[in-house]
Amino acid sequence: FSRAAFDAVLRELRLDAAERLRELPVADLIAAGQRTGTVWRPPFGTPELPTTVADAVRAGAARGIPILIGTDRDEMRLLSTTLPLPASVAALCESVGAARAEHYLATSASPAEAGERAITDLYFRIPAIRFAELCARSGSPAHLYRFDWENPARPDVGATHGMETPFVFGTTDAVPSTDGAPGAAE
């Protein structure tokens, strides 16, 4: 994120030096970011990242480089404990429009689940698809996946954000959401 956002988080945490960030629990850092409206993403337009990833891809920076991009079925499941999601019909309609809200409400068990699914699509699935399309148009082979596995011992977690990562790195026994799950080691 930008230097201004970083400074705002430091002020919110009443820290005088960035080195002290390592002493904080991650939850405190996330909460401070939420209170200051900090968006946790790279700052574009800097010497290190002079342009957005999409603009770089359009300009041919990824031409010929195979791209693998995907999402988890329930991206927002655990993130919804710290991020506000539309949990009522009115809030869902305001967030995604009445027509889309109707679709999510008709295929979900509750307005809260509909909100979780809608925001998963809006912020994760659809951007992943659009980025894969951009890569393909720009000369990069693009491969998409959606990870649906969920731990039967943890149905509350679903196929949440980052669920595929322990499978990629062979660390399913080291992560609470996949530890000891039947089929996790496969």
Side-chain angles (χ1 to χ4, degrees), residues 1 5 9 12-13 21-42 53 66-97 100-133 135 142-186:
F1 48 83
V9 170
E12 176 67 24
L13 293 168
L21 288 173
R22 293 182 182 166
E23 301 167 11
L24 295 176
V26 172
D28 291 355
L29 183 59
I30 291 170
Q34 290 172 338
R35 288 191 303 271
T36 60
T38 298
V39 176
W40 301 101
R41 63 176 169 83
V53 173
I67 304 293
L68 175 64
I69 187 169
T71 60
D72 298 290
R73 185 192 61 218
D74 307 310
E75 289 281 359
M76 294 303 296
R77 180 72 51 88
L78 288 182
L79 297 175
S80 67
T81 61
T82 58
L83 300 173
L85 293 178
S88 69
V89 173
L92 184 60
C93 288
E94 185 178 323
S95 294
V96 299
R100 284 191 181 132
E102 185 177 326
H103 162 75
Y104 288 107
L105 290 164
T107 58
S108 300
S110 68
E113 180 186 305
E116 176 189 302
R117 291 182 53 235
I119 300 304
T120 288
D121 285 352
L122 187 64
Y123 288 102
F124 291 93
R125 191 179 67 81
I126 293 169
I129 292 167
R130 298 291 179 260
F131 186 71
E133 291 170 342
C135 290
H143 307 276
L144 280 165
Y145 70 87
R146 186 180 92 169
F147 193 80
D148 286 2
W149 183 88
E150 63 181 75
N151 185 337
R154 294 290 314 272
D156 59 312
V157 172
T160 195
H161 181 69
M163 182 64 84
E164 77 279 23
T165 306
F167 290 87
V168 171
F169 293 103
T171 57
T172 56
D173 291 339
V175 180
S177 58
T178 57
D179 184 30
E186 297 159 3

| message | One pair to check against salt bridge (Lys or Arg N to Asp or Glu O under 4.0 Å): R73 and E150. What are the steps and the verdict? | response | CA-CA 9 Å; R73 185 192 61 218; E150 63 181 75; 2.3 Å; yes

| said: Looking at E12, I'd like to know if its CD atom is crowded, meaning that more than 12 non-hydrogen atoms belonging to other residues, nucleotides or ligands lie closer than 6.0 Å. | reply: yes

| task | Give the minimum heavy-atom separation between A142 and A132, together with the two atoms involved. | result | CB-O, 3.4 Å

| task | Assess whether atom CD of E94 is packed by more than 12 heavy atoms of other residues, nucleotides or ligands within 6.0 Å. | result | no

| note | Output for pair (I69 CD1, F131 CZ), nearest 0.5 Å, gives 6.0 Å

| task | Kindly give the heavy-atom pair with the smallest separation between P155 and R77, and that separation in Å. | result | O-NH1, 3.4 Å

| query | If every non-hydrogen atom of R117 is compared with every non-hydrogen atom of S108, which pair is closest and at what distance? | reply | NH1-OG, 2.7 Å

| Separation of L144 CG from C135 SG (nearest 0.5 Å) | 9.5 Å

| request: Might you point out which heavy atoms bring M163 and A159 nearest each other, and give the distance in Å? | output: CB-C, 4.2 Å

| request: Using a 4.5 Å cut-off on heavy atoms from C-beta on, say whether the side chain of T120 contacts that of T71. | output: no

| note | Rounded to the nearest 0.5 Å, the CD atom of E164 sits from the OG1 atom of T172 at a distance of 13.5 Å

| Any donor-acceptor pair under 3.5 Å from D72 side chain to G162 backbone | yes

| Distance (rounded to the nearest 0.5 Å) between L92 CG and I119 CD1 | 7.5 Å

| query | Is there a side-chain contact between T178 and W149, using heavy atoms and a 4.5 Å cut-off? | reply | yes

| note | Between A118 and V96, the two heavy atoms sitting closest are CB-CG1, 4.0 Å

| Student check: side-chain heavy atoms of M76 and Y123 closer than 4.5 Å | no

| Under 3.5 Å: donor-acceptor pair, side chain of T160, backbone of L78 | yes

| message | If I take atom CD from residue E75 and atom CG from residue L122, how far apart are they, to the nearest 0.5 angstrom? | response | 12.5 Å

| field | Flag, side chain of T36 to backbone of V9, donor-acceptor distance under 3.5 Å | value | no

